[in-house]
Amino acid sequence: MSLSKIAKLLNDGQPSQEVEVAGWVRTKRESKQSFAFLELNDGSSMTGLQVIVDDAVPGFADSIKAITTGASVRVAGKLQESPGKGQRIELHAARLNVLGTADAQTYPLQKKRHSFEFLREIAHLRPRTNTFGAIARVRNALCAAIHNFFQSRGFLYIHTPVITTSDCEGAGTMFQVTTLDLAKLAQLKTEIDYGQDFFGKQASLTVSGQLEAEIFACSTGDCYTFGPTFRAENSNTTRHLAEFWMVEPEMPFYELKDNMDLAETFIRTILSDVLVACPEDMEFFNLRIEKTILETLRNIIDNDFIRLPYTEAIEILEKSGQEFEFPISWGVDLQSEHERFLTEQHFQQPVILYDYPRGIKPFYMRCNDDGKTVRAMDVLVPRVGEIIGGSQREERLDVLTERMQECGLEAEDYWWYLDLRRYGSVPHSGFGLGLERTLLLLTGMANIRDVIPFPRTPKNAEF
RNA sequence: UCCCCGAUAGCUCAAUCGGUAGAGCGAGCGGCUGUUAACCGCUAGGUUCAAGGUUCGAGUCCUUGUCGGGGAGCCA
């Protein structure tokens, strides 16, 4: 007999049905009248299956004694309607095998509340909790929704390299990749010769797949990358990771407005898909993590985003009468207090800011005719802040090289990127969505370290 | 990296002016029970983050370090 998933049995299991399940015991409620209740969870759903074991089961006494919170068991038996409250059906065991015990004296996950900080220290066990099981399922559903969104629109999934030798957009400090003997080099105290390194030049982990995605946008058409991204910034916040996952679509013939339209449809679609795919987990987040999360998501899904040029945002902030720690004026980048004011107080919904001053944005963004702004756009959402950053790309060779000089970049380092403008250049656009930030938005979780299975942050790469 | 706060039982926290280290949860044992955050009783459980200093005496005060949390910057 093959194993059934508990999620499926809870959903459509019928009384008298013979089934076999396996999983981990969450709680045992023992009766001295020769039977016990087990709550069994196999990770397929939030709710576990109630298992009734009585002394007709071979080895009953020994098994029940061996079972504690965290033990793994395999149970065969018959489903029955449950006379108790709280569940439709339950499993009456005929056979029970204890696969692995969990010493209650040392097993850290006992049946009590644990802080997220504590659970972070036992990242190898935390997926066995309600919250982290739900996060794993929601994260999976979100990834599926993302692929589905692009696949259903004919976008190609492009695998851009994780190791790169181009300093991309200068978007933050990069992790160096090397096979050079660092201990030896430290002793020699000479200039490092990267010609001797594995790739014959300095290499790093990617900070963005955008430049490579542009290659495919300008050949095979609409495409997206979706993979891990690395930033060696010493960021210690609830919204930054050294290793995070980013979705980066890139579309030829899209101008800024098309880009914003896609970004907005994209966010609303994937949020909506996850609500449909994970109703039980989302209910849990709404109940236990953030009381307004479902309402907030509904509001985002059902209403158009606000679209606001940077210049108008500055005017709103200047007229707001708010006391800001960082004074606002045209030309400075918005601080998070400003973003929060716009999304959480003034508009109380997602805001797409666009047409930013060229001085605060990278070289590849298309210059507007006013000579002052570029066709950049950021999607800001309540509670999380910036969730998407994107732009129309500069497709004019002369303007692009000029901008690179302005930003202090060497044209020869980007020869292949410039070739895209030299041969058959087209207007094109794209954006990057932070997967973990989207999960913060979706789940109401407060710390980004809790929505990725194994967080990488300064001083932390255990597991 | 900067600012603020913290580190005491397995977990979450208390400990008054510097004077014998406490509770809840969890765990163990017993009882009770178609239970479900089970319930009732009892018991065990401590190098107070580390190193140094002040003091008759330090969980408590001082210095340095490590780690954690919140905020800021960098950004997705």
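Model, not experiment: these values are computed from the prediction.
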Looking at CG of A:Asp103 and OG1 of A:Thr68, how far apart are the two atoms once the value is rounded to the nearest 0.5 Å? 7.0 Å
What nucleotide among B:A76, B:G26, B:G34 has an atom nearest to a side-chain atom of A:Glu90? B:G34
Side-chain N or O of A:Thr237 closer than 4.0 Å to phosphate OP1/OP2 of B:A72: no
Reading 5' to 3' and counting Watson-Crick or G-U wobble pairs with both distances under 3.5 Å, write the dot-bracket notation for RNA chain B, | for bases paired outside the strand. (((((((..((((.....[..)))).(((((.......))))).....(((((..]....))))))))))))....
Residue met sooner reading RNA chain B from 5', once A:Thr68 and A:Thr27 are mapped to nucleotides: A:Thr68
Distance, rounded to the nearest Å, where A:Phe266 contributes CZ and B:A76 contributes C1': 12 Å
Roughly how many Å is it from CG in A:Leu241 to P in B:A76, rounded to a whole number? 14 Å
Is the glycosidic torsion of B:C5 within 90° of 0, making it syn, or is it anti? anti
Taken to the nearest whole Å, CG/A:Asp378 to C1'/B:A76 is 10 Å
Toward the 5' end of RNA chain B, which comes first, A:Glu339 or A:Arg449, by nearest nucleotide? A:Arg449
Is A:Ser208 close enough to B:A76 that one of its side-chain N or O atoms is under 4.0 Å from OP1 or OP2 there? no
Polar side-chain contact A:Glu30-B:U35 base: donor and acceptor under 3.5 Å: no
Provide, to the nearest angstrom, the distance between the CZ atom belonging to A:Arg239 and the P atom belonging to B:G69. 14 Å
Per the atom types in the model, does the base of B:C39 pair as donor or acceptor with the side chain of A:Arg29 at under 3.5 Å? no
Without decimals, in angstroms, what is the distance between A:Tyr224 OH and B:A76 P? 21 Å
Please report the distance, rounded to the nearest Å, between CZ in A:Arg113 and C1' in B:G10. 18 Å
Integer-rounded Å distance: B:G10 P and A:Gln105 CD: 11 Å
Sorted by first residue and then second, give each salt bridge (Lys or Arg N to Asp or Glu O under 4.0 Å) pair with at least one member in residues 447-460 of chain A; sequence neighbours left out. A:Arg120-A:Asp450, A:Arg126-A:Asp450
Distance check, P atoms only: B:G6 and B:G45, in whole angstrom units. 31 Å
Between B:U36 and A:Gln87, is there an OP1 or OP2 to side-chain N/O distance shorter than 4.0 Å? no
When the ring centroid of A:Phe226 is compared with that of A:Tyr157, is the distance short of 6.0 Å? no
Would you say A:Asn447 reaches B:G70's phosphate, i.e. side-chain N/O to OP1/OP2 under 4.0 Å? yes
Measure CZ/A:Arg340 against C1'/B:G73 and give the value in whole Å, please. 13 Å
